[in-house]
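Step one of this worksheet: look at the structure below.
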Amino acid sequence: MEVSKILHMNSGVGDESYAKNSLLQVICLVWPIIKEALEDFWSTQNIPTTFTIADLGCSSGPNTLMIISNLIKQVQQLHKDLHNKPFDYQIFLNDLPSNDFNTIFRSLPNFLEDLKTQIGADFGRCFFNGVPGSFYGRLFPNKSLHFVHSSYTLHWLSQVPEGMEIINKGNIFIDSTSPKNVVEAFYRQFQKDFSLFLKCRGEEVVIGGRMVLTFLGRTDEYPSNKDYCYCLKFLNLALNDMVRERIITEEKANRFNAPTFRPCPEEVEAEVLKEGSFIINEFQVSRIDWNFYNIEFDASNVFVDGSYNFAKGIRSVYEPLLILHFEEAIIEELFYRYRQIVKDEMSKRKCEFVNLTISLSKI
């Protein structure tokens, strides 16, 4: 599976789109780390006349421009404290070529007007660029970036390890029933991909430049316990039910594996130290409740079916891959079953995502 040619979230702004279902990336959890990284850069580096930001794996949801807005406002405040001259921003939005860049570009005029309202018309010029391509390769000139941000992207691998359809039968990812060699193969692929990511960014980021990366991860060393990837485990259960009912063939189900690996902190740290382009400033492990709608919007006193919104969010991410492999005819039934499984599980216990956020400096 050539992931770089096919992977993308649901496009557009409809009910099933990623743009409407990307609230899982709760920026407030990682913003203190981003703010500290920017403040540290401003206090220790020669300030450039143009500040260059890259958002890697930007996708097309509201969080893309939300994080850029917050970054610009924070940098503007830091710059204003030291200088009164106008300041320019070069902003690179990167994702795979199949990403819905048009939705982002259409929102830019309103985005810039809102920034002028919040900051002032003289805050400086913003130059936006779309950069299609895999971040598991070079994307920018040498020493051209000051700040790199990536959220919920680096758990995606460049490819599924070979042979999974034979040795990982009955699973669409690493599960407790997966043989040890399946875990080892996915981990080796993560090591290869993340090391290449670090090497490429090491060539593109200026000395002293910063990166803040947020992964979907896990906390245990061996990825088999309940905090690893229940969201895909339940999708696996729904698919297997459809196999038993002969809606999907077993052969076709066995040939599908999600190109993901959710690392633990020790695995991320090991690759950073081994590759050697960056030093670690901070590492945070945080959790997001699957029922985030009722947590975030509790003040309205309106109950929202968390399982419905959670299932829609997972659908917005995985539907394009599933359609490509299984065809569109099964999707409604698959996610109907998926939602029922999620709803039942959420009624029994608290379900959470594990986030790993790491702040790095180029050496």
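We number each residue from 1, following the sequence as shown. We use all heavy atoms of the structure for the numbers below, so side chains are in, but hydrogens, waters and symmetry mates are not.
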Verdict with supporting geometry, T49 and D88, side chain to side chain donor-acceptor pair (under 3.5 Å): CA-CA 7 Å; T49 56; D88 288 344; over 6 Å; no

Taking the six-membered ring for Trp and the full ring for Phe, Tyr or His, determine whether the centres of [X] and [Y] are under 6.0 Å apart.
X	Y	value
F326	F256	yes
F147	Y89	no
Y136	W156	no
H79	F87	yes
F128	F111	yes
Y152	F353	no
F135	F197	yes

Excluding sequence neighbours, so at least two apart, what forms side-chain hydrogen bond (donor to acceptor under 3.5 Å, both in side chains) with [X]?
X	result
T153	S150
N129	none
T52	none

May I ask you to check whether [X] and [Y] show a side-chain donor-acceptor distance below 3.5 Å?
X	Y	value
Q189	D193	yes
S361	N281	yes
E275	S277	yes
N110	S107	no

Which pair of non-hydrogen atoms, one from [X] and one from [Y], has the smallest distance, and what is that distance?
X	Y	answer
N240	G170	ND2-O, 3.2 Å
P97	P132	CA-CB, 3.9 Å
S195	E271	CB-OE1, 3.9 Å
L232	I172	O-CD1, 3.9 Å

Please determine whether a side-chain nitrogen of the Lys or Arg among [X] and [Y] lies less than 4.0 Å from a carboxylate oxygen of the Asp or Glu.
X	Y	answer
R337	E333	yes
R315	E332	yes
E267	R218	yes
R255	E165	no

Please test E39 against K35 for salt bridge (charged side-chain N to carboxylate O under 4.0 Å, His left out), starting from the C-alpha separation and ending with a verdict. CA-CA 6 Å; E39 290 172 347; K35 183 172 180 288; 2.6 Å; yes

Common cluster, [X]/[Y], ILVMFWY with side-chain heavy-atom separation under 4.5 Å:
X	Y	answer
I91	L108	yes
L360	V285	yes
M346	F335	yes

Check against side chain to side chain donor-acceptor pair (under 3.5 Å), N168 and S178: CA-CA 6 Å; N168 199 31; S178 298; 2.8 Å; yes

Dump the intermediate steps for side-chain contact (heavy atoms from CB on, under 4.5 Å) on C126 and I72, then the final yes or no. CA-CA 9 Å; C126 289; I72 289 174; 3.9 Å; yes

After noting the C-alpha distance and the side-chain angles of F92 and F127, does the key distance pass the ring pair (Phe, Tyr, Trp, His ring centres under 6.0 Å) rule? CA-CA 8 Å; F92 294 110; F127 301 98; over 10 Å; no

Evaluation steps, side-chain contact (heavy atoms from CB on, under 4.5 Å), between F215 and F194: CA-CA 11 Å; F215 301 74; F194 188 43; 3.7 Å; yes

Chi angles and distances behind the side chain to side chain donor-acceptor pair (under 3.5 Å) call for D114, T117: CA-CA 5 Å; D114 288 343; T117 300; 5.2 Å; no

Using modelled atom types only, decide if a donor and an acceptor are shared between the side chain of E204 and the backbone of F140 within a distance under 3.5 Å.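 Side chain of E204 to backbone of F140: a pair is present.
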
Quick check against the 3.5 Å criterion: does D55 have a side-chain atom that pairs as donor or acceptor with the backbone of N94?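 No.
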
One pair to check against side-chain contact (heavy atoms from CB on, under 4.5 Å): L56 and V148. What are the steps and the verdict? CA-CA 7 Å; L56 305 184; V148 175; 3.6 Å; yes

